[in-house]
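Read through the structure below, which is laid out as structure tokens, and then see the notes.
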Amino acid sequence: RQCWAGRAALRLSTGDASGALAVLDALDQTLPNRGTWGARLSPEMTELRGACLLALDRHQDAERTLREALAQGREVELAHAEHRPHRAPS
């Protein structure tokens, strides 16, 4: 999946936003248990999707997608924080 994300980022960087979006859409279709328990792209890939939409002048879709990426990133950070070892005050 990281290679697919790299392909999408490369396409976007060369001005092929629609091609990049197609790669991300194809990647989304490969997610295990898609639709069963809400599988979705990672926050980084969702952000890349938002950048593609922005480049295609799909501003409302881009805003919604970038807000979703931000929310996903917060969820990931909170989940990681719950599993970090807590330090005793020094």
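Because the structure is predicted, anything quoted here is derived from the model rather than measured. All residue numbers in this chain count up from 1 along the given sequence.
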Legend entry - Separation between CZ of R58 and OG1 of T65, rounded to the nearest 0.5 Å: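 Answer rounded to 0.5 Å: 8.0 Å.
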Inset, instruction - Please round to the nearest 0.5 Å and tell me the distance separating atom CD of E68 and atom CD of E63. - result: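 Reported to 0.5 Å precision, the distance equals 13.0 Å.
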Heavy-atom pair with the smallest gap, counting every atom of [X] and [Y]:
| X | Y | result |
| --- | --- | --- |
| R64 | D61 | NH2-OD1, 2.7 Å |
| A5 | L48 | O-CD2, 3.7 Å |
| M45 | L27 | SD-CD2, 3.2 Å |
| A55 | L12 | CB-CD1, 4.0 Å |
| P43 | A69 | O-CB, 3.7 Å |
| A17 | C52 | CB-O, 3.9 Å |

Side chains of [X] and [Y]: closer than 4.5 Å at any heavy-atom pair?
| X | Y | result |
| --- | --- | --- |
| W4 | L24 | no |
| R49 | D25 | yes |
| H59 | D57 | yes |

Legend entry - Side-chain donor or acceptor of S13 paired with backbone N/O of L10 under 3.5 Å: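 Here the side-chain-to-backbone pair exists.
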Legend entry - T46 side chain to Q72 side chain, donor-acceptor N/O pair below 3.5 angstrom: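 Distance-only check passes for T46 and Q72.
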